[in-house]
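A quick write-up on the structure given underneath.
Atom set for the values below is all heavy atoms of this structure, side chains included, hydrogens, waters and symmetry mates excluded. Letters go in sequence order (proteins before strands), and every chain restarts at 1.
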Amino acid sequence: MSMSWADSVSAAENPAGAPSKSAYVPPHLRNRPSTDPPAQALYAGAAASLGNDHSGYGVPNVVGSRWSGQRNEYQSGYAGGGGRGGGWNGRSGGWDRGRDREVNPFTNNDSEPVSELESSAINFDAYEDIPVETSGDNVPPPVNTFADIDLGEAVNENIRRCKYVKPTPVQRHAIPISLAGRDLMACAQTGSGKTAAFCFPIISGIMRGQFPRPPRPRMAFPLALILSPTRELSCQIHDEAKKFSYQTGVRVVVAYGGAPINQQLRELERGVHILVATPGRLVDLLERARVSLQMIRYLALDEADRMLDMGFEPQIRKIVQQMDMPPPGVRQTMLFSATFPKEIQRLASDFLSTYIFLAVGRVGSSTDLIVQRVEYVQETDKRSHLMDLLHAQKENGVHGKQSLTLVFVETKKGADALEHWLCMNGFPATAIHGDRTQQEREHALRSFKTGHTPILVATDVAARGLDIPHVAHVVNFDLPNDIDDYVHRIGRTGRAGKTGLATAFFNENNSSLARSLSDLMQEANQEVPAWLSRFAARSTYGGKNRRGGARFGARDFRRDSSYNRGASGGATDYYGGGANMNSGYASGGYNASFGTAGVTSAWD
DNA sequence: AAAAAAC
């Protein structure tokens, strides 16, 4: 088998590696004399310096929008700052050397490459017909290939290293929108490539833009902020973003709670372009005056509907509206989620300026790739029922590394109890929830991912965004109260074009979910048991409205008649661009992108 | 009512 891209890159960069191998030279180092790194002093300057002097990248960021004037104002006055030898030039001094050497993120890949056989067995034709809906003013057209997008040579190299052959549907639409400088509310199933969809334009924009030096030392002035609702998800986004920005000179730093703050502070002091964070730790850093948001040009909220729900909204408002972040229209804001309830869209519109709404039909979850089952199980029978499922799985040989089972429960206590009970009964299980230490949480996740403990009991902390390859079975031991949470949970399986199974234990306690669950399953062509239909018919409907047809996670609330009546005439006219329904732009098809081994991580 | 998120 031939060497993978990542392997060849790492081999080329390994000083101990055979010199006979054709050495890979990153683009920005080509045609450069290989001199010794400059003195330490140079690096010291770079530590707090954000001045971008990417010779060759100094293209002004021309934004073809009505805010370009404002945005350029933000840029003006920067140019003088990052002079030669300052700013990120420092990386040639410090970055590439000793402990400051940029770690190759493509080497220690803990997820094994998918075998050719395995991936070729998947039918990717389903992706040809993914419906897409856009609404808003002057929507930039989608692209078909990465080559159609000018992200810059260094990012293109990383796309190749990631083995992304073609953009995923959400990427094809979201990247041009984002590169055009437009605000975006994007609704696309988890596992649809959202992380890359917002990272690529941010990285490329930072590489091309002109930015001032940070005005103060010991205070970090990120240019982009990516917020997510859980620590593990922030880590995952950080890992992805590091890959996408490898050798671009763009620095990504992550900050989250439960981990020692000092190391995070040191990383921040060394300079940060893109800050990935959970809200609590970021507020802490802001109050300590170790981070300023005044230079933020890009704001991305992942799992945006969760970020704006009751628990998080005050913190998010504080960060986005009550600190020193530039207002909408000056910064560029992108919201991503698999589900987007109308009430949340209404809240979110405060953060956006003339935005484009993008809905990409469900990609993995609740479509053909996930078989959804609902079983009627009394509370007292749940454990023995779970054991039956696990025994059956064991006998079928679907146990171990290639086949993981994720069990969702309602409470943290319940998670501890079930984990203990499973272990007592000889099942290799671990658990993750918010009362565990961060160390325990990370250990549990690692142990699960590697197949060391192929059963993970989890609360909703693990429901969103986490990309865990090989999850074959999601068990909703306790169903959530919200159908959107159900959608996110089962989205942990059936990823990257693989099939998955989702089993839910249903009883009287879940009657409020009966209607939306049976609707959802019906939409996904799943078999709805007759007893569930009866439950659904019986229940007074308290759930969510059908979300604009079966094929989308949500519909642009601006198109809702009640909104248009309530809004001023001006607002209605504003969005007069209307909606564009496109069924499958897939001229080239997605086969290539899915048929390649190792594309798994593209899908989150 | 629970979960998540700072120390």
Rounded distance (Å) that lies between atom C1' of B:dA1 and atom CG of A:Asp482: 14 Å
Considering just the side-chain nitrogens and oxygens of A:Thr459, establish if one lies under 4.0 Å of OP1 or OP2 belonging to B:dA4. yes
What is the distance, to the nearest angstrom, from the CZ atom on A:Arg464 to the C1' atom on B:dA5? 14 Å
For residues A:Glu232 and A:Gln438, determine if any side-chain heavy atom of one lies less than 4.5 Å from a side-chain heavy atom of the other. yes
Just N and O in the side chain of A:Arg441: are any of them under 4.0 Å from OP1 or OP2 of B:dA5? yes
Separation of A:His433 atom NE2 from B:dA5 atom C1', in whole Å? 16 Å
Less than 4.0 angstrom from a charged side-chain N to a carboxylate O is my criterion; do A:Arg373 and A:Glu527 meet it? no
Distance check needed: B:dA1 C1' versus A:Asn509 CG, whole Å only. 12 Å
Using a heavy-atom cut-off of under 4.0 Å over every strand shown, decide if A:Gly257 touches base, sugar-phosphate, or nothing. sugar-phosphate
A:Gln438 CD to B:dA5 P, straight-line distance once rounded to whole Å: 7 Å
Is A:Val461 touching bases, backbone alone, or none of the nucleic acid, heavy atoms closer than 4.0 Å? sugar-phosphate
Could a donor-acceptor pair under 3.5 angstrom be found where the side chain of A:Asn481 meets the base of B:dA1? yes
Mutual orientation of the aromatic rings belonging to A:Phe505 and A:His385 [parallel < 30°, tilted 30-60°, perpendicular > 60°]: perpendicular
Would you mind writing out the side-chain donor-acceptor pairs for residues 257-264 of chain A within the sub-3.5 Å range, not counting sequence neighbours?
| unit_1 | atom_1 | unit_2 | atom_2 | d |
| --- | --- | --- | --- | --- |
| A:Gln264 | OE1 | A:Tyr256 | N | 3.4 |
| A:Gln264 | OE1 | A:Arg281 | NH1 | 2.8 |
| A:Gln264 | NE2 | A:Tyr256 | O | 3.0 |

May I have the distance from A:Leu268 (atom CG) to B:dA6 (atom P), rounded to whole angstrom? 14 Å
Compare side-chain N and O positions of A:Lys413 against OP1 and OP2 of B:dA2 and report whether any pair is under 4.0 Å apart. no
Any A:Thr411 side-chain N or O less than 4.0 Å from OP1/OP2 of B:dA1: no
OP1 or OP2 of B:dA6 sitting under 4.0 Å from any side-chain N/O of A:Arg231? yes
With A:His391, which residues qualify under ring pair (Phe, Tyr, Trp, His ring centres under 6.0 Å), at least two apart? A:Phe427
Rounded to whole Å, how long is the line connecting atom CG of A:Leu265 with atom C1' of B:dA6? 13 Å
Using whole Å, what does the distance between atom P of nucleotide B:dA4 and atom CZ of A:Arg306 come to? 10 Å
